[in-house]
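Contents: one structure, followed by commentary.
Index from 1, following the sequence.
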Amino acid sequence: MAAPRYKMLVDALASDIRTGRLAPGERLPTHRALAAHEGIAVVTATRVYAELEAMGLVSREQGRGTFVRDITIPAGHGIDQQTVAPDTVDLNFNYPSLPGQADLLRQALREVATSGDLDSLLRYQPHRGRPQDRASIARHLGRRGITADADQILIANGAQHGLAITIMATLSAGDVVAVDALTYPGFKVLAHAFHLDLEPIPTTADGPDLDALEKLCATRPVRAIYTMPTLHNPLGWVMPATDRTRLIGIARQYGPLIIEDASYAYLVEDPPPPLAATAPDITVYVSGLSKSIATGLRVGFVLAPPPVVPSLERTIRATTWNTPALTTAIACRWLDDGTVNHLEAQKRDDAKTRQALVRQELTGLPFIGHPSSYFTWLPLPDDARADRLTATLARRYIAVTTAEPFTTSTHTPQAIRLALGSTDLDSLRSALRTVRRAAVEDAYA
């Protein structure tokens, strides 16, 4: 039996894209123009483009049209990242490491091995974590300006697991969650997995557009607000104290739960008080030690209002039973003996050095980034193509990320994010110079 007409058209266009007859970044005809040219209905033309998009061959941009994607970009340069090649400079992921961290781990393992409670670490732990470990985290949060009761703290397998159990314990499929129009990709993955309805909030230079947030809460049943008030990923802003107060007021008026992601907050010196410090009764605070200490140290923590704690504890039981006791014991030793504070201070200085390189090497380009963050956002002109620039850099052995993984609205901006923490300074400087040249050649010429 002959294939349907639209399938034949899909195959023909896919072949043209894969063979290069249709070039990356090329704008395809409008749905109506394609329908007229091929003698098909407009709805059929829409179906053709939808299938090509599902195949990863085209991208649609509201108000601009349908464009051919650059399929030479290595697999994994999006949400589901894969390890980059050994000879590639990774400006895609952040896993900052400082000299001497391995020695600290060796010493910590020796101390744990000779401790009196080693046998207890081989057994099941309380689902939310041992009381003494939660007390260590409570003291740590106190240094961040949060008065925390250890009974309200739950230990998770990293901040990502903390976000997952928060969603599972407090939200249901179809619930409306307000998020920034550009947000952390890991939260997008969770929202998709649990079938949440993400409503994008436009952003300003200092944070979310609170007028838009209030209008959304007044017109839709928003169940939660997901926010990164201290060092937003990817834009790097720190929400002013007055805006934090207003956001809390909106939440109190309309009832949504606040989910505060503080994974990168340690990089900011003397920020305004966390939302959880001002509104602990309506805020779930999620953070961890992967960003501040080491990505392999999967120890996260959740501070929640008392009514939410039992549901979170049951969710931990359902997903992992408990956090591995050995890594938690090491992490809490480091929290108590000042190692975490020391490493965080070193990483703040390291991030400042790397941002200074950005300011030297990308002068004249409209980059956006906090002076002590490990990432920089580089917007491109409207007629530029981020996937083309990403492919150009990949051919020059530099991995970067487009805006697509971060975008929650229907419009994906033309921009790239540069993660600065995963390579040595000399390699970073060289890579930034290559980024600048490629951006000028591909986007600004």
Legend entry - Distance-only side-chain donor-acceptor flag, Asn157 / Thr320, under 3.5 Å: yes
Legend entry - Any donor-acceptor N/O pair, His31 side chain to Tyr49 backbone, under 3.5 Å: no
Inset, instruction - Please determine, by modelled atom types, if Gln160 and Tyr184 share a side-chain donor-acceptor pair under 3.5 angstrom. - result: yes
Legend entry - salt bridge (Lys or Arg N to Asp or Glu O under 4.0 Å) contacts in which one or both residues fall within residues 275-290, not counting sequence neighbours: Arg252-Asp281
Inset, instruction - Determine whether the side chains of Asp206 and Thr204 contain a donor N or O and an acceptor N or O closer than 3.5 Å. - result: no
Inset, instruction - Go through the structure and list residues passing side-chain contact (heavy atoms from CB on, under 4.5 Å) with Gln125, not counting sequence neighbours. - result: Arg130, Asn322, Ala325
Legend entry - Trace of the side chain to side chain contact (heavy atoms under 4.5 Å, CB included) decision for Phe301 with His140: CA-CA 11 Å; Phe301 41 87; His140 173 66; 3.9 Å; yes
Legend entry - Neighbour count >12 (heavy atoms, 6.0 Å) for atom CZ, Arg47: no
Legend entry - Ring-ring centroid check His370 Trp237, cutoff 6.0 Å: no
Inset, instruction - Under the side chain to side chain contact (heavy atoms under 4.5 Å, CB included) rule, what do Tyr266 and Arg144 come out as? Steps first, then yes or no, please. - result: CA-CA 8 Å; Tyr266 77 96; Arg144 291 190 176 181; 3.5 Å; yes
Inset, instruction - Check step by step if side chain to side chain contact (heavy atoms under 4.5 Å, CB included) holds for Asp387 and Phe67. - result: CA-CA 10 Å; Asp387 52 356; Phe67 294 84; over 6 Å; no
Inset, instruction - Applying side-chain contact (heavy atoms from CB on, under 4.5 Å), name anything that partners Pro305, two or more places apart in sequence or on another chain. - result: Val284, Pro307, Val308
Legend entry - Nearest non-hydrogen partners of Ile282 and Ala251, listed with the distance: CD1-CB, 3.9 Å
Inset, instruction - Determine whether Pro413 and Leu182 make a side-chain contact, defined as any pair of heavy atoms from C-beta on separated by less than 4.5 Å. - result: yes
Inset, instruction - State, to 0.1 Å, how close Thr315 and Thr319 come at their nearest heavy-atom pair, and which atoms those are. - result: O-OG1, 2.8 Å
Inset, instruction - Evaluate the side-chain proximity of Ser311 to Thr170: yes if any heavy-atom separation is below 4.5 Å, no if none is. - result: no
Legend entry - Note: Asp350-Arg354 ion pair, threshold 4.0 Å (strictly below): yes
Inset, instruction - Report yes if some heavy atom in the side chain of His342 is under 4.5 Å from a heavy atom in the side chain of Trp334; otherwise report no. - result: no
Inset, instruction - Would you check if there is a donor-acceptor pair between the side chains of Asp336 and Ser136 at a distance under 3.5 Å? - result: yes
Legend entry - Considering all heavy atoms, the nearest Ala415-Ala386 contact: O-CB, 3.5 Å
Inset, instruction - State whether the side chain of Glu361 and the backbone N or O of Leu432 hold a donor-acceptor pair below 3.5 Å, judged by distance alone. - result: no
Inset, instruction - Taking Thr408 for its side chain and Asp180 for its backbone only, find out whether a donor-acceptor pair lies under 3.5 Å. - result: yes
Inset, instruction - Over all heavy atoms of both residues, which pair between Pro405 and Thr402 is shortest? Give the atoms and the distance, please. - result: CD-O, 3.2 Å
Legend entry - Check: Ile398 main-chain N/O paired with Thr88 side-chain donor or acceptor under 3.5 Å: no
Legend entry - Sub-4.5 Å side-chain heavy-atom contact between Val302 and Glu313: no
Legend entry - Value rounded to 0.5 Å, distance of CD1 in Ile167 from OG in Ser172: 11.5 Å
Inset, instruction - Locate the shortest heavy-atom distance separating Pro379 from Pro366; write the atom from each residue and the value. - result: CD-O, 2.9 Å
Inset, instruction - With rounding to the nearest 0.5 Å, note down the distance linking CD1 in Ile258 to OG1 in Thr227. - result: 8.0 Å
Inset, instruction - Say whether, by atom type as modelled, one donor and one acceptor occur between the side chain of Asp243 and the main chain of Pro240 under 3.5 angstrom. - result: no
Legend entry - Main-chain N/O of His127 paired with Arg317 side-chain donor or acceptor, under 3.5 Å: no
Inset, instruction - Verify the neighbour count for atom CZ of Arg359: are there more than 12 heavy atoms of other residues, nucleotides or ligands below 6.0 Å? - result: yes
Legend entry - Trace of the salt bridge (Lys or Arg N to Asp or Glu O under 4.0 Å) decision for Arg106 with Asp103: CA-CA 5 Å; Arg106 290 188 187 94; Asp103 292 334; 2.8 Å; yes
Legend entry - Gln253 side chain near Glu214 side chain, heavy-atom distance below 4.5 Å: yes
Inset, instruction - Kindly give the heavy-atom pair with the smallest separation between Ile250 and Pro256, and that separation in Å. - result: O-CD, 4.5 Å
Legend entry - Contact check, side chains of Phe406 and Leu235, non-hydrogen atoms, under 4.5 Å: no
Inset, instruction - Please answer whether the main-chain N or O of Pro273 pairs with a side-chain N or O of Arg244 as donor and acceptor at a distance below 3.5 Å. - result: yes
Legend entry - Euclidean distance, Leu104 CG relative to Ile330 CD1, rounded to 0.5 Å: 11.0 Å
Inset, instruction - Look only at the side chain of Ser372 and the backbone of Leu267, and say whether a donor-acceptor pair between them is shorter than 3.5 Å. - result: yes
Inset, instruction - Tell me, please, which residues at least two apart from Arg396 pass side-chain contact (heavy atoms from CB on, under 4.5 Å). - result: Thr392, Thr434, Ala438, Glu441
Inset, instruction - Please examine the side chains of Asp90 and Thr423, heavy atoms only from C-beta on, and report whether any two atoms are closer than 4.5 Å. - result: no
Inset, instruction - May I ask you to decide whether Lys352 forms a salt bridge with Glu269, counting only side-chain N to carboxylate O separations under 4.0 Å? - result: yes
Inset, instruction - Go through the structure and list residues passing ring pair (Phe, Tyr, Trp, His ring centres under 6.0 Å) with Tyr264, not counting sequence neighbours. - result: Phe375
Legend entry - Pair Leu418-Val358, side chain to side chain contact (heavy atoms under 4.5 Å, CB included): steps then yes or no: CA-CA 10 Å; Leu418 308 175; Val358 171; 5.8 Å; no
Inset, instruction - Quick one: which residue pairs count as a salt bridge (Lys or Arg N to Asp or Glu O under 4.0 Å) with a foot in residues 409-424, not counting sequence neighbours? - result: none
Inset, instruction - Enter the distance from Thr183:OG1 to Leu198:CG here, rounded to the nearest 0.5 Å. - result: 8.5 Å
Legend entry - From Val309, Ile153, Ile155, residue fulfilling side-chain contact (heavy atoms from CB on, under 4.5 Å) relative to Arg128: Val309
Legend entry - From CD1 (Ile225) to CD1 (Ile248), nearest 0.5 Å: 10.0 Å
Legend entry - Side-chain donor/acceptor of Thr278 to backbone N/O of Leu275, under 3.5 Å: no
Inset, instruction - Please answer whether the main-chain N or O of Ala279 pairs with a side-chain N or O of Thr283 as donor and acceptor at a distance below 3.5 Å. - result: yes
Legend entry - CZ on Arg385 to CZ on Arg69, rounded to 0.5 Å: 8.5 Å
Legend entry - Side-chain heavy atoms of Leu91 within contact of Val435, under 4.5 Å: yes
Inset, instruction - Inspect the contact between Arg223 and Asp197 and indicate whether a charged nitrogen and a carboxylate oxygen are less than 4.0 angstrom apart. - result: no
